[in-house]
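Residues: numbered from 1 along the sequence shown. These numbers were taken from a predicted model, which means no experiment stands behind them. All ligand and atom numbering here is 1-based and tracks the order in the structure.
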Amino acid sequence: MTTPALLPLSGRRIPTLSPGAASFPHHRATLRLSEKFILLLILSAFITLCFGAFFFLPDNSKHKARPVRQETRTLTLSSSEGGGRTESLRDKIRVDHERALQEAKEKLRKSRDELRAEIQTEKSKVVEDLKKKKEVPKPLPPVPMPKVVGVNDGDSVEPDVKEKRDKIREMMKHAWDSYRQYGWGHNELKPLAKKGHSTNIFGNSQMGATIVDALDSLYMMGLHDEFKDGQEWIEQNLDFSVNAEVSVFEVNIRFIGGLLATYYLSGQEVFKVKAVQLAEKLLPAFNTPTGIPWAMVNLKSGVGRNWGWASAGSSILAEFGTLHMEFVHLTYLTGNPAYYQKVMHIRKLLAKMDRPNGLYPNYLNPRTGRWGQHHTSVGGLGDSFYEYLLKAWLMSDKTDTEARKTYDDAIEAIERHLIRKSNGGLTFIGEWKNGHLERKMGHLTCFAGGMFALGADGSPDDKAGHYLQLGAEIAHTCHESYDRTVLKLGPEAFKFDSGLEAVAVRQNEKYYILRPEVIETYWYMWRFTHDPKYRQWGWEAAQAIDKYCRVSGGFSGVKDVYSSNPTYDDVQQSFFLAETLKYLYLLFSSDDLMPLESWVFNTEAHPLPVLHLANLTLPGSQAQR
Ligand code: DMJ
């Protein structure tokens with residue numbers, strides 16, 4: 001009861017605490033405190049009076065409603081039988097009064113800072129409670145579930161292949177069990193230190209990135225108990241109202257992609273609901289003058305900004321260009337056009353821009369809508385932008401022809417300006433930097449072999465054979481980058497210069513951090529050609545990972561693939577479980593597990609079903625479909 005009376009009083013103190021308040025003379029503060037004490041006394045006396053009036057004055061309404069005889073009876077009752085009751089009421093009032101006084105005294109004994117802290121805590125509690133009330137998940141509109149095919153198949157009849165598949169499953173279990181034991185709930189695992197790990201892409205949060213990223217792999221591999229544990233953690237702990245500044249791109253591809261894929265595979269509503277809750281938290285990132293999103297957003301405040309290292313405050317092509325698949329699915333599942341409109345706006349804006357040599361620079365300023373440095377890459381900073389153009393077309397059941405045309409044009413420019421053959425006959429994809437070609441290829445760029453193969457069917461001028469061949473050449477080059485190392489694992493970047501062929505030069509390019517791109521390309525090439533060499537190459541990589549990256553607490557990256565005695569980086573990346581092991585597992589499964597006619601894998605290897613939208617119009621998409 002005393003708190004409401006004190007709150008306005010305390011509230012009035014706040015202005016005195018504003019800048020300048022610190023210089024108030026001490027006696028003045030004392031004077032204010034005694035004034036308040038007197039006020040409180042008056043107030044509590046007044047409360048006592050009200051109590052008395054309430055209990056002892058006759059009730060007017062009763063006067064009107066009841067006959068006179070009953071009135072007399074009531075009065076008689078209170079003076080004779082009610083004598084004891086009056087006494088106890090007086091006692092109660094006295095006790096309440098004393099308690100109020102005591103509480104008031106205690107409050108006044110506290111320092112200004114203590115009081116301020118109390119008020120702040122109360123306020124935050126109210127805000128939190130209100131938020132919790134608001135966050136009760138809204139039921140989502142029912143939509144037809146897309147065809148979910150080939151989720152539980154894939155076991156091979158060949159014993160040798162089956163054995164390899166089982167080995168990959170065992171590796172997955174080791175990675176998961178270690179994370180379960182030492183890093184549970186953290187984003188990632190430090191397998192040597194045997195504790196949790198997180199990087200700035202997830203802010204300072206503990207959002208269980210490995211759980212969300214790994215769930216669909218566990219599901220496909222039939223690791224049911226592990227899947228159940230992960231689902232339970234998500235149901236009980238995955239909370240996005242955290243004060244964390246996260247990467248919009250990473251959260252989209254790992255969390256939203258992971259949750260959506262797991263929803264489609266398992267049919268469990270919780271994954272869909274969580275994906276939508278999280279997506280809502282990303283939307284403020286699009287509040288920029290151009291609608292090109294910030295790279296990072298604070299999940300609590302919605303404030304966005306870009307990476308400090310990006311050219312001229314720019315957003316990154318591979319980040320704002322890798323949202324389409326997940327956002328189309330979000331609109332499909334929720335009926336909310338906002339997601340679809342955001343990504344289509346980005347596409348429209350890019351279509352209007354000039355492109356140097358037909359190439360897309362990696363940097364675009366979200367305030368001015370102008371390109372930053374003219375660097376173009378099919379690896380880091382550019383890669384999945386091209387991938388999502390192709391996959392937007394595939395995911396729309398090949399009806400999004402605008403996306404296909406944009407992909408074809410971009411690939412044509414890339415082939416003309418960035419793809420070359422080395423002296424030793426290896427096809428590589430270099431990087432365009434300020435008007436010249438850097439003859440260096442990243443591990444990340446190796447995904448492009450799979451992309452070319454995936455896009456071969458449907459390419460213009462009957463060039464399907466050409467693109468499948470290009471995919472095979474990239475796969476070969478990337479295999480060489482693995483084969484020319486001591487550990488038989490690929491470096492982060494390798495050169496084709498001054499007599500060098502597919503080898504890393506700088507020490508800081510010699511590491512392998514459990515990345516998936518080379519194995520991803522082997523898998524696509526395997527699906528399209530069934531050439532046994534892709535399974536062979538995949539198996540070489542799996543063995544090397546098991547031999548050099550496996551430790552008792554999980555799997556770790558290594559710092560130098562050219563050293564026979566490498567040191568560990570002590571990180572088990574979440575994409576190792578989401579992608580590397582999933583692609584390996586698929587490589588040793590039959591094609592009826594996740595057939596590519598029905599599923600499109602996002603850039604983090606989370607499969608999303610093809611939406612047969614030919615006769616459907618997404619809200620806000622009239623112009624496009
Ligand atoms: C993954 O998170 C995704 O594949 C992303 O597109 C880029 N690379 C990492 C893994 O290497």
Identify all pairs of nitrogen or oxygen atoms, one from ligand 1 and one from the protein, separated by less than 3.5 Å, and list them with distances.
residue, atom, partner, partner atom, Å
ligand 1, 2 (O), Glu604, OE1, 2.6
ligand 1, 4 (O), Glu579, OE1, 3.3
ligand 1, 4 (O), Glu579, OE2, 3.0
ligand 1, 4 (O), Thr603, O, 2.8
ligand 1, 6 (O), Thr603, OG1, 2.8
ligand 1, 8 (N), Glu517, OE2, 3.3
ligand 1, 11 (O), Arg515, NH1, 2.7
ligand 1, 11 (O), Glu517, OE2, 2.7

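Under the ring pair (Phe, Tyr, Trp, His ring centres under 6.0 Å) criterion, Phe286 pairs with Phe327, sequence neighbours left out. Residues meeting the side-chain contact (heavy atoms from CB on, under 4.5 Å) test with Gln373, sequence neighbours left out: Ser311, Tyr363, His375. Residues that satisfy the ring pair (Phe, Tyr, Trp, His ring centres under 6.0 Å) test with Phe575, not counting sequence neighbours, are absent from this structure.
Glu492 pairs in a salt bridge (charged side-chain N to carboxylate O under 4.0 Å, His left out) with only one of the listed residues (Arg515, Arg506, Lys510), which is Arg515.
Using a 4.0 Å cut-off between charged side-chain N and carboxylate O, Glu412 and Arg355 make no salt bridge.
A donor atom on one side chain and an acceptor atom on the other are found under 3.5 Å apart for Tyr467 and Glu415.
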